[in-house]
**Student:** 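Right, I'll just put the structure down here and ask away after.
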Amino acid sequence: MRPEALEALLRVQTESYGNPSGAHLLARQARRVLDDAREVMAAALGADAGEVVFTGGGTEADNLAVFGGGEPGGTVVCTAIEHHAVLHPVESLGGRVVPVDARGIVDLDALAGALDDRVRLVSVMLANNESGVVQPLPDVARVVRERAPRAVLHTDAVQAFHWVDVATLARDADLISVSAHKFGGPKGVGALVVRKGTPLRAMLLGGGQERELRSGTQNVAGIASMAAAAEVTVATRVDTVARVGALRDRLADGLREQIGGTTESGVADHDRSHKVAGSCHLCFEEIESEALLFLLERGGVYASAASSCASGAQEPSHVLAAMGVPRELAQGSLRLSLGWPSSQDDVDLALEVVPGGVAQLRKMAGALR
Ligand code: PLP
């Protein structure tokens, strides 16, 4: 966690424990903390304070958007690389799924083809959690406004906020999801921006908090902590992207150089300009990532293959499949994520441990043949 976020979490939890829906002094104090956090999140996301709905994380924000966004009736549309928090709700509603190209960027012609005036919601993520690829949201918005005039546009900006100016890049979206733990805040806290006039049906009914859009007593300390993390993230973003982007390039270039049979997902030559700075995603031929992750952990490198799911099981990546990566190659995928605290030492360690792990697995596979 960002130290500023941890400090806010502990301070608010101990000093402002009132219920923000109450009327007495302690409740009003908590209410003020909540209002301040709402202002900070609104500024960070390019919204008005009255457009921010606090949620219990990114999954809840995504589900609220997909199930509740737009005029009732009509169909929903998303891309094939969405996080399961969007993809599964869209599939459960019998929605349409739009393909991406080999770089992992949405096919705008296919998107146009999937739209008509019966579509109520389109969801296109801003940055992908596996590949790190950023989608051209202004172009997406243009297509959506032209072809599906009734639709509201949702973007899952959960993986984007750490790295890109969401206020600018998502300015055309009607609904925007973020999650605090992706930018140095606590887990289980997020927000959905709901632009004025956007139709949205609540999923959680009860006490009517968050302007009737998300009932339930707010996690005031978590929300204040998220706002503290967001404030530092925005203030330092340009420097973080430059510093961490250089670390990521050294890591990706170094691994590609040291390990033969390596493909960098969605990257042609060494052009990573369409990816967020913290994402290094590689596929190694002739290995299985599950075994590699085990060796990496022993060497102090904590990585994942596809997305982290609740069971911890490594499932084949729907993102790589959508990008046309063959299944055998996708089986050897490795997702190394960098963040604001990442250092040269971290990269040095990964540059030592990953090639050793891959070499060991290939040697074992060779011996068995
Ligand atoms: N959307 C994306 C792109 C994500 O990467 C994640 C989490 O990894 C989520 C949604 C879900 O967010 P949360 O874990 O806060 O529910």
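Start at 1 and go down the list; that is how both ligands and their atoms are numbered.
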**Student:** With heavy atoms of Thr59 as the reference, note each atom of ligand 1 found under 4.0 Å away.
**Tutor:**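 Atoms satisfying the 4.0 Å criterion: 11 (C), 12 (O), 13 (P), 16 (O).
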**Student:** Give the contacting part of Asp62 toward ligand 1: side chain, backbone, both or neither, where contact means a heavy-atom distance below 4.0 Å.
**Tutor:** side chain
**Student:** Give a yes or no answer on whether the side chain of His24 reaches the backbone of Ala27 with a donor-acceptor pair at less than 3.5 Å.
**Tutor:**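 Looks like yes, one N/O pair under 3.5 Å.
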**Student:** For the CD atom of Gln218 and the OG1 atom of Thr55, what is their distance to the nearest 0.5 Å?
**Tutor:** 11.5 Å
**Student:** Should the proximity of Asp156 to ligand 1, defined as any heavy atom under 4.0 Å, be assigned to the side chain, the backbone, both, or neither?
**Tutor:**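 Answer for Asp156: side chain.
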**Student:** Under 4.0 Å, counting heavy atoms only: does Lys182 come that close to any atom of ligand 1?
**Tutor:** yes
**Student:** Would Gly58 count as being in polar contact with ligand 1, using the rule that some N or O on each side must be under 3.5 angstrom apart?
**Tutor:**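 Yes.
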**Student:** Run the salt-bridge test on Glu285 and Arg362 with the 4.0 Å N-O cut-off and return the result as yes or no.
**Tutor:**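 So Glu285 does not pair with Arg362 through a salt bridge.
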**Student:** Using a 4.0 Å heavy-atom cut-off, which part of His181 comes near ligand 1: side chain, backbone, both, or neither?
**Tutor:** side chain
**Student:** Counting from 1, what ligand 1 atoms have a heavy atom of Ser179 closer than 4.0 Å?
**Tutor:**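 Within the 4.0 Å cut-off of Ser179, ligand 1 contributes 13 (P), 15 (O).
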**Student:** Please work out whether any backbone atom (N, CA, C, O) or any side-chain heavy atom from C-beta onward of Lys187 is under 4.0 Å from ligand 1, and answer side chain, backbone, both or neither.
**Tutor:** neither
**Student:** Mark up the atoms of ligand 1 that fall under 4.0 Å of a heavy atom belonging to Met125, in ascending order.
**Tutor:**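 Result: 3 (C).
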**Student:** Supply the atom-to-atom distance Met323 CE to Glu130 CD, rounded to the nearest 0.5 angstrom.
**Tutor:**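 Between atom CE of Met323 and atom CD of Glu130 there are 9.0 Å.
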**Student:** Within 45 degrees of the ring normal and closer than 6.0 Å to the centroid, is that where the cationic atom of Arg237 sits relative to Trp163?
**Tutor:**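 No, Arg237 does not lie over the aromatic ring of Trp163.
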**Student:** Decide, yes or no, whether a salt bridge links Asp348 with Arg250 under the criterion of side-chain N to carboxylate O below 4.0 Å.
**Tutor:** yes
**Student:** Connecting only ILVMFWY residues whose side-chain heavy atoms lie within less than 4.5 Å of each other, what is the rest of Val158's hydrophobic cluster?
**Tutor:**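 Traced through the cluster, Val158 reaches no other member.
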